[in-house]
Protein chains: 2
Amino acid sequence: MADKDISQAVISRLPRYFRYLGDLKEKGVERISSQELSDIMKVTASQIRQDFNNFGGFGQQGYGYNVNYLYDEISKILGIDKQHSLVIIGAGHLGQAIAGYTNFTRRGFVFKGAFDCNPDLYGTKIRDVEVRPVDEMEDFVRKYNIEIAVLTIPKEQAVPMAHKLVECGIKAIWNFAHVDLDVPNNIQVENVHLSDSLMKLSYNINRYENPNNSPSK
Amino acid sequence: MADKDISQAVISRLPRYFRYLGDLKEKGVERISSQELSDIMKVTASQIRQDFNNFGGFGQQGYGYNVNYLYDEISKILGIDKQHSLVIIGAGHLGQAIAGYTNFTRRGFVFKGAFDCNPDLYGTKIRDVEVRPVDEMEDFVRKYNIEIAVLTIPKEQAVPMAHKLVECGIKAIWNFAHVDLDVPNNIQVENVHLSDSLMKLSYNINRYENPNNSPSK
DNA sequence: TACACATTGTTAATAAATTCTCAAATATAA
DNA sequence: TTATATTTGAGAATTTATTAACAATGTGTA
């Protein structure tokens, strides 16, 4: 955990490399240089090389990078060469959107269960998985040793639910509730705060339209 | 646009400040010091002061910050003191989740239209708004002068759709498709790449479990 | 096989972001 | 009213991230 720490800035860029490499792979491209990748991705070649070097460097002088090899290595780094079990807590539209997104399955995220507190949803199915009452979550997570919980519930319920999940031995929470969770730091949390994202967009619209409403410095 | 540029790192933190200030406001807290806010938010007091100072500084020595005032100022900076019109392109679960999220409305994002290419959805309603055929999008966006388009469609369709939107005079795109859009830089784009976020989570799980699979340096 | 060329990995330089420090300003209590 | 305690805003110091430079190493060709 505490060895050669790699900054989250680097980690954040890996999925994007992975996406572009996947595209290249599909196109049948065998090799690529950092410069070529730089042109496609609009980041500096230097950054690409620096990023890969955090993990030892996967290229070869005079040749570049082998697309397939690099793709596989990144998938190992990201841990998507293994399967991860996942439950969705909150089977509303957002929960269903995520559950139904088949690409996640392709990346090894296996959707095992869905829970909600709305009785109307009990027994309805999302991709062969039955929606269960949320009280059954604890037993289910323990029994099947679920790794990841996707929290798509209102923020008021998110905090107590996170605590319950931690008690059941969950390893990670993908949090869509608009609240910061306070969990032990052996539990991984990744927040998706959609409203934050939308506000950023709003800022940039505003900024572009009224460039001169900045402080009098 | 090109005056006292504020870094996107700062902008990214504003919505979180805004969220915490909203909570404080609701609790009836009138004033707060950067140190108190630091304790609550788990960021350094110095960063809080530095961030606010980018916009001129809203506090007073010996007193701290007035919660209501600061809240209002941040909402102005973020441009959420004004209304923004918005259409959703792709009325699947994700599109519906976003359209249905009433908090956005509260923040001034007014949901005006929804479009899809699935005839089964035409005429169905999402919060009083009828789902229309996607061919009608262009006229609609032009006619009602829509500012923001939310792209919740598959990546193959996202790129041509973005081009169409730009032609219709859209100002900003909130992009949920797993692809990078290439639009003129007067168009604001905010990406929400969910699979990237999930991969980051996967990395951190992996990292925590196998701390020693780092390169031999 | 030998030589020119390409391209990485790595170190150094630069830029950006964060944290520290403290004088100046204000609030509050005596 | 004055003295003391707070707390900001701003500049300096530090840390982190990004970009540039180039020697080392391999590729591909004649």
Side-chain angles (χ1 to χ4, degrees), chain A residues 2-14 16-17 20-21 24 29-71 73-74 77 200 203 214-217, chain B residues 2-17 20-21 24 29-71 73-74 77 200 214-217:
Chain A
D3 63 336
K4 194 146 284 291
D5 264 7
I6 288 151
S7 84
Q8 288 291 314
V10 174
I11 305 310
S12 298
R13 285 191 292 264
L14 292 182
R16 186 152 181 267
Y17 291 131
Y20 277 85
L21 287 166
L24 287 167
V29 178
E30 273 186 16
R31 63 184 261 194
I32 193 156
S33 70
S34 58
Q35 188 53 58
E36 289 170 295
L37 200 52
S38 159
D39 294 338
I40 302 173
M41 293 187 65
K42 313 281 169 62
V43 295
T44 64
S46 197
Q47 178 160 79
I48 292 172
R49 294 204 298 276
Q50 197 78 297
D51 281 349
F52 293 162
N53 256 92
N54 281 296
F55 305 96
F58 307 118
Q60 212 159 29
Q61 277 115 326
Y63 177 89
Y65 298 88
N66 177 287
V67 171
N68 276 285
Y69 175 67
L70 187 53
Y71 180 89
E73 288 302 310
I74 293 181
I77 294 167
K200 240 161 80 189
Y203 171 86
S214 70
S216 56
K217 269 229 162 167
Chain B
D3 64 335
K4 195 146 285 290
D5 264 8
I6 288 151
S7 85
Q8 289 291 314
V10 173
I11 305 310
S12 298
R13 285 190 293 265
L14 291 182
R16 186 153 180 267
Y17 292 131
Y20 277 85
L21 287 166
L24 288 167
V29 178
E30 274 186 14
R31 61 184 261 190
I32 192 154
S33 70
S34 58
Q35 187 54 59
E36 290 170 294
L37 199 53
S38 159
D39 294 340
I40 302 172
M41 294 187 63
K42 312 281 168 62
V43 295
T44 64
S46 196
Q47 179 160 78
I48 292 172
R49 294 205 297 276
Q50 197 79 299
D51 281 349
F52 293 163
N53 257 92
N54 280 297
F55 305 96
F58 307 118
Q60 209 159 30
Q61 277 115 326
Y63 177 90
Y65 298 87
N66 177 286
V67 172
N68 275 286
Y69 176 66
L70 187 52
Y71 180 88
E73 287 302 310
I74 294 180
I77 294 166
K200 240 161 80 187
S214 70
S216 56
K217 269 232 161 169

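Letters A, B, ... are given to chains in the order of the sequence lines, protein chains preceding strands, and every chain is numbered from 1.
Scanning DNA chain D for stems, defined as runs of 3 or more consecutive Watson-Crick or G-U wobble pairs whose donor-acceptor distances all fall under 3.5 Å, gives the following ranges: C:1-30 with D:1-30.
Whole-Å rounding puts the B/Ile48 CD1 to C/dC20 P distance at 13 Å. Between the C1' atom of C/dT18 and the CG atom of B/Asp51 lies a distance of 10 Å, rounded to the nearest Å. In this structure, the CD atom of A/Gln47 is 17 Å from the C1' atom of D/dA21, given to the nearest Å. Rounded to an integer number of Å, the gap from A/Ile6 CD1 to D/dT18 C1' is 17 Å. Rounded to whole Å, atom P of D/dT8 lies 9 Å from atom CD of B/Gln35. Distance B/Gln50 CD to C/dA16 P: 15 Å, rounded to the nearest Å. Atom P of nucleotide D/dT27 and atom CD1 of A/Ile32 are separated by 18 Å, given to the nearest angstrom. Taking atom CG of B/Asn53 as the reference point, atom C1' of D/dT7 lies 13 Å away to the nearest angstrom.
Annotation for B/Tyr65 and B/Arg49: closest pair OH-CG, 3.7 Å, computed over non-hydrogen atoms.
Note that A/Arg31 lies in the cation-pi zone of A/Tyr63, set by a 6.0 Å cut-off to the ring centre and a 45° limit from the axis.
One finds no side-chain N or O of A/Ser34 lying less than 4.0 angstrom from the OP1 or OP2 phosphate oxygen of C/dT7. At C/dT18, one or more side-chain N or O atoms of B/Arg13 fall inside 4.0 Å of OP1 or OP2 (strictly under the cut-off). Under 4.0 angstrom from either OP1 or OP2 of C/dT28 there lies at least one side-chain N or O belonging to B/Arg31. Phosphate contact (OP1/OP2 of D/dT8, side-chain N/O of B/Arg49, threshold under 4.0 Å): present. Look at A/Thr44 and you'll find a side-chain N or O under 4.0 angstrom from OP1 or OP2 of D/dT19. Contact between the side-chain N/O atoms of A/Tyr65 and the OP1/OP2 oxygens of C/dG9 is found at a separation under 4.0 Å.
Side-chain polar atoms of B/Ser33 and B/Glu36 form a donor-acceptor pair below 3.5 angstrom. A/Gln35 and A/Asp39 are linked by a side-chain donor-acceptor pair at a separation below 3.5 angstrom, with hydrogens and angles left out of the test.
Nucleic acid contact class of A/Ser46 (heavy atoms, under 4.0 Å, all strands): base. Residue B/Phe52 is out of contact with every strand shown, counting any heavy-atom pair closer than 4.0 Å.
When each of B/Gly64 and A/Gln60 is assigned the nucleotide of DNA chain D with its nearest heavy atom, B/Gly64 is the one assigned upstream, toward the 5' end.
In this structure a side-chain-to-backbone donor-acceptor pair under 3.5 Å is present from B/Ser38 to B/Val43. Not a single donor-acceptor pair under 3.5 Å links the side chain of A/Arg13 to the backbone N or O of A/Asp51.
For D/dT25, the base has no donor-acceptor partner in the side chain of A/Gln61 [N/O atoms by modelled type, under 3.5 angstrom].
Side chains of B/Val67 and B/Leu70 form no contact here, defined as non-hydrogen atoms less than 4.5 Å apart.
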Check your understanding: Does the pair A/Tyr69 and A/Ile74 meet the rule for a side-chain contact (heavy atoms from CB on, under 4.5 Å), with working shown?
Key -> CA-CA 9 Å; A/Tyr69 175 67; A/Ile74 293 181; over 6 Å; no

